[in-house]
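Accompanying notes for the structure given below.
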Amino acid sequence: MTTGAASWLPLSPGERSVAIEVLVHGPLSRTELARRLDLSPGSLTRLTKPLIETGLLIEVPEAGAPAEARQGRPSQPLDVVAESRSFLGFKITEDMVYGVVTTLRSDIVARHDRPLATHDPAEVADLLAEMTEELARAHPRIAGVGIGVGGLVRDRAVVGESPFLRWRDVPLAALVEERTGLPVVVENDVAALVEAEAWFGAGRGLDRFVVLTIGAGIGYGLVLGGKRVPYAEEDRGFGRHWIVNPNGPLTPDGERGSAVSLLTIPNIRYQVRAATGRDHTYEEILALAAAGEPMPARVIDEAARALGTLVAQIANFAMPQKILLAGEGVGLMDVAGKTVEESVRAQRHPLAAPIDLETKVSDFHDWARGAAVLAIQVLVLGAVEA
C-alpha cells in the first residue's frame, strides 16, 4: 500500500471530496457516499477506483457480516487507514508547551509536555524541534506539525501579536520548519480548536456551529456552511468589550461588566481576592461557592448569569444548531449549571427551540490536538487555508 505521499495534492477535486468525506465521516458504504456527495454510482466508481488502487482508501469488513461473505463484495464500506500517518500538535502557553501525536483522524496516541523557560522565539523553536525529534522516534511517519498560540496569527505562519508570549511579528512556522524539515502550520489556538471540532468533533456534519471557550480568556468561533468563519478581531480580546452587565464588576482586564470581567478565571479570582483579601484557585472558588460561602457564591452566580446571557445572545443572533462550551473554565457548569440555564431561558423567546449546548472539559492536550488537525488539513487540502 502506498502511504508515503507528502500530501493529497495530486487528487482531482472530485477525488479529494470523496476522500475527505470518508476521512471525516467514514467508514461509509458506496451507497451512502454517493448520496452524501450527490453522485451517480458510475461517477462514484470512477472517483474511488484510483483512491483504492493507491491505498488511500481501503475496503473494510461490514460490522456483523460473516468472514466468508466479506470477500470482494462491492457493498463493502470504504475507509481510510487512520494510522498511515502521524501528526504533531503543540499548544504553547506562557510557561509550558503541550505536545500530542495524533492519527489521520486526530485520535491522540501520545503526549509529551515540556516547561517553557524562555520566550525567546529562537529558543522556543529549538524546544519545539527537540520535542518533535523525541516524538518522531516512536512515531516515524510524521506528516506535519501544527502549533496553536494564544494571539493574532497571520497567514497561518507568523505570530503577529501574542500577549502571553509578548511576541510581535514572529515567523514561527519558518523557524520550526528550518529545524525539523517538516511542514508547519501555526494558528490562533481557539481557531485550531474550532477546526478540530468542525472536522472530527462536536460540530462534525453541522452547517451552523459555535465554539465558546472560557478559561484564561474567552474564545469564540463560528462555523457556517461547515467552514470556520475567520474574522479580523480574532484573539484581540474577544469579550473584553461585550458588555453583559453594565453594572457588573470593574476588573484589571476588560471593560466594566464585560464578558471577560465576569467570566475569565483570572478575573473571577481577582473579584474573590478583592472581596475577601484571600487568594484562591479557581477550583477552590467553585468548591466554596458550592458550599454556600457568600462571596465566592455571589461571584460564581454573577459569572453563571453572564454565561447564560452570552449563550442566549449567540443563539439569538447566530442561530447555531449546536454551541460547544469548552475550556478550562467549564467547571462553572457543574456548580451553577441551573443558573446558566435560567439565564438562557430568560433571554430567549418562550417558543424558541431549546439550545443544544454541549459542555466539554478541555485540557491543554485538547488544544494541542486542535493544532494537529491544522496539519491534517494541510495534508488533505494540499494548501494552508485560512
Side-chain angles (χ1 to χ4, degrees), residues 86-102 106-108 110-116 119 121 124-125 127-129 131-132 135 142-167 170-177 180 182-201 203 211-221 223 228 230-231 234-238 324 326-329 360 362-379 384-386:
S86 296
F87 299 84
L88 299 186
F90 295 112
K91 158 68 173 171
I92 304 177
T93 71
E94 191 171 10
D95 56 2
M96 288 287 292
V97 177
Y98 298 86
V100 299
V101 182
T102 79
S106 84
D107 296 313
I108 296 175
R111 294 170 172 83
H112 179 48
D113 309 331
R114 293 274 292 274
L116 191 64
H119 292 163
V124 173
L127 177 62
L128 290 168
M131 294 176 72
T132 297
L135 289 166
I142 304 293
V145 179
I147 304 171
V149 178
L152 182 71
V153 178
R154 294 197 302 270
D155 304 321
R156 292 201 159 178
V158 177
V159 181
E161 182 182 14
S162 175
F164 295 108
L165 300 172
R166 293 175 286 283
W167 281 359
V170 173
L172 187 60
L175 291 173
V176 178
E177 281 179 0
T180 63
L182 290 166
V184 177
V185 58
V186 182
E187 184 54 279
N188 166 264
D189 52 3
V190 175
L193 184 67
V194 174
E195 295 282 6
E197 294 295 335
W199 270 49
F200 299 109
V211 176
L212 179 66
T213 66
I214 57 173
I218 293 180
Y220 175 79
V223 172
R228 182 180 65 86
Y231 59 103
E234 208 149 44
D235 214 68
R236 286 269 176 121
F238 176 85
L324 175 68
E328 59 271 29
K360 177 179 181 179
S362 305
D363 65 14
F364 287 116
H365 295 113
D366 290 307
W367 295 89
R369 170 182 170 264
V373 170
L374 301 174
I376 293 171
Q377 290 177 333
V378 171
L379 177 100
V384 176
E385 296 191 356

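Here, residue 1 is the first one in the sequence, and each next residue gets the next number. Only a predicted model underlies this, so the values are computations on that prediction, with no experimental measurement involved.
- With a 4.5 Å cut-off on side-chain heavy atoms, I92 and L172 count as touching.
- In this structure a side-chain-to-backbone donor-acceptor pair under 3.5 Å is present from D363 to D366.
- Counting heavy atoms from C-beta outward, F87 and L379 have side chains that approach closer than 4.5 Å.
- For the pair N188 (side chain) and V190 (backbone), a donor-acceptor distance under 3.5 Å is present.
- Using a 4.5 Å cut-off on side-chain heavy atoms (C-beta onward), V186 and V176 make no contact.
- Paired with V145 under the rule side chain to side chain contact (heavy atoms under 4.5 Å, CB included), one option of L374, L182, L135 passes, and it is L182.
- Closest approach of S106 to V373, counting heavy atoms only: CB-CG2, 3.7 Å.
- A donor-acceptor pair is defined here as one N or O able to donate and one able to accept, closer than 3.5 Å; no such pair exists between the side chain of R369 and the backbone of G89.
- Taking the charged nitrogens against the carboxylate oxygens, E195 and R156 do have a contact shorter than 4.0 Å, which makes a salt bridge.
- T213 contributes a side-chain N or O that, together with a main-chain N or O of G219, makes up a donor-acceptor pair within less than 3.5 Å.
- Of all heavy-atom pairs spanning L193 and A326, the tightest one is CD2-CB, 4.4 Å.
- Taking R154 as the reference, D169 meet the side chain to side chain donor-acceptor pair (under 3.5 Å) condition, with sequence neighbours excluded.
- Atom CD1 of I147 sits about 12.0 Å away from atom CD of E187, to the nearest 0.5 Å.
- Judged by distance alone, with hydrogens and angles left aside, the side-chain atoms of S162 form a donor-acceptor pair with the main-chain N or O of G150 at under 3.5 Å.
- Side chain of H112 to main chain of V101: no donor-acceptor pair is present (N/O by atom type, distance under 3.5 Å, no hydrogens or angles).
- The side-chain heavy atoms of L116 and T93, taken from C-beta on, include no pair separated by under 4.5 Å.
- Between F90 and M131, the closest side-chain pair of non-hydrogen atoms falls below 4.5 Å.
- Without hydrogens or angle criteria, W367 side chain to A192 main chain gives no donor-acceptor distance under 3.5 Å.
- Between W167 and H119 the shortest heavy-atom distance is NE1-O, 2.6 Å.
- The shortest distance between side-chain heavy atoms of T102 and I108 falls below 4.5 Å.
- Minimum heavy-atom separation, A375 to V185: N-CG1, 3.7 Å.
- Interatomic distance, CG of L88 versus OG1 of T132, reported as 5.0 Å (0.5 Å rounding).
- How far CD1 of I376 is from CH2 of W199: 8.0 Å, rounded to the nearest 0.5 Å.
- The shortest side-chain heavy-atom distance between K91 and M96 does not fall under the 4.5 Å cut-off.
- Aromatic ring pairs are classed by plane angle as parallel below 30°, tilted from 30° to 60° and perpendicular above 60°; the pair Y98 and H365 is perpendicular.
- At a threshold of 4.0 Å, the pair R228-E197 does not count as salt-bridged, since none of the basic side-chain nitrogens sits closer than that to a carboxylate oxygen.
- Residues G148 and A371 come closest through the heavy atom pair N-CB, 3.6 Å.
- Nearest heavy atoms, L175 versus A125: CB-CB, 3.8 Å.
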